[in-house]
J.: 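Take this structure, written in structure tokens, and hold onto it; I'll ask about it next.
Quick note: residue numbers are just sequence positions, from 1. FYI, side chains are in, hydrogens and waters are out, and symmetry mates aren't considered; it's all heavy atoms of this structure. Read the numbers this way: they start at 1 and go in the same order the structure lists the ligands and their atoms. Remember, predicted model here, so these are calculated numbers, not experimental data.
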Amino acid sequence: MINKKICMIGDFSVGKTSLTTRFVKNIFSEKYLSTVGVKVDTKEIKVDKKTTLKLMIWDIAGKDKFTTLDDNYLRGSAGYLLVADGTRPQTIETAFKLQVHMADKFGDIPFFMLVNKCDLKSDWEYSDKELSMIKTKGWSFFETSAKSGENVDTAFFELGQKLIV
Ligand code: G3D
Ligand code: MG
């Protein structure tokens with residue numbers, strides 16, 4: 001069994017905890033009980049016939065103002081999910097900044113950008129401008145919903161696959 005630490009990174013309320021909960025327990029709770037500190041969930045995924053990976057998913061618990069990154073939290077990460085909220089374009093700007101920090105501190109480790117809350121697409125305010133900015137950066141990204149589950153397993157699974165190559 002290979003253990004890999006990944007982190008959930010993004011502005012507050014983008015859905016980091018909800019995505020983790022959805023992936024680990026396959027549920028969406030409108031009332032997630034927040035605690036203080038860091039929550040670590042684990043889930044095993046089979047990345048190919050021979051390889052099972054134990055993902056340790058680190059998530060800042062509670063209503064964090066996660067616009068700066070605590071390096072103690074990040075240390076030892078093999079990869080991360082960079083989460084933004086499609087209904088709040090400024091969270092995409094935050095994600096860009098957080099990624100720069102990650103690259104500075106930890107170099108070129110695998111990540112995917114997730115634009116979350118795609119079940120609320122009628123409220124989405126992120127436009128072609130933000131979308132093309134993401135594309136210009138050459139990043140892989142998914143539109144996800146912790147509520148409907150859309151692309152959630154795929155995102156974690158594909159990140160897992162990137163960790164073993
Ligand atoms: P965070 O951990 O990044 O801070 P949370 O974000 O997972 O706590 O989610 C913040 C709020 O967004 C929560 O609502 C949660 O239910 C909601 N949310 C998260 N993901 C989705 C999604 O995919 N779709 C929709 N519609 N809502 C989502 P509350 O009201 O509890 O603050
Ligand atoms: Mg949270």
J.: Which atom pairs, donor and acceptor, lie under 3.5 Å between side-chain atoms of residues 149-165 and protein residues at least two apart or in another chain?
T.:
residue : atom : partner : partner atom : Å
Asn151  : ND2  : Glu143  : O            : 2.9
Gln161  : NE2  : Val47   : O            : 3.1

J.: Considering Gly15, Ala84, Ala146 one by one, which has a heavy atom nearer to atom 23 (O) of ligand 1 than any of the others?
T.: Ala146
J.: Out of Glu143, Lys147, Lys39, Lys117, who is nearest to atom 11 (C) of ligand 1 when you count heavy atoms only?
T.: Lys117
J.: Select the closest option to atom 7 (O) of ligand 1 among Ser18, Ser145, Gly10, judged by heavy-atom distance.
T.: Ser18
J.: I'd like to know if the side chain of Tyr73 reaches the main chain of Trp58, judged simply by a donor and an acceptor atom lying under 3.5 Å from each other, with no hydrogens or angles considered.
T.: yes
J.: Can you list the residues that meet the side chain to side chain contact (heavy atoms under 4.5 Å, CB included) rule with Gln99, with sequence neighbours excluded?
T.: Tyr80, Leu82, Ala103, Phe111, Trp139
J.: With heavy-atom distances below 4.5 Å as the criterion, would you say the side chains of Asn116 and Asp85 are in contact?
T.: no
J.: Taking only heavy atoms of Leu120, which atoms of ligand 1 are found under 4.0 Å from at least one of them?
T.: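 In order of numbering, the contacting atoms are 26 (N).
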J.: Is Thr17 close enough to the Mg ion (ligand 2) that one of its N, O or S atoms comes in under 2.8 Å?
T.: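 Of the N, O and S atoms in Thr17, at least one lies under 2.8 Å from the Mg ion (ligand 2), which means yes.
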J.: Minimum distance, heavy atoms only, to atom 1 (P) of ligand 1: which one of Met8, Glu150, Lys16 is it?
T.: Lys16
J.: Evaluating non-hydrogen atoms only, which member of Asn116, Asp119, Leu19, Val83 is closest to atom 20 (N) of ligand 1?
T.: Asn116
J.: Is the closest side-chain heavy-atom distance between Asp71 and Lys105 below 4.5 Å?
T.: yes
J.: Is there a polar contact, in the sense of an N or O pair closer than 3.5 Å, between Asp59 and ligand 1?
T.: no
J.: Just so I know, are the side chains of Ile92 and Met113 near enough to count as touching, which here means a heavy-atom distance under 4.5 Å?
T.: yes
J.: Between Cys118 and ligand 1, is there a nitrogen or oxygen pair with a distance under 3.5 Å?
T.: no
J.: Just so I know, are the side chains of Glu93 and Met133 near enough to count as touching, which here means a heavy-atom distance under 4.5 Å?
T.: yes
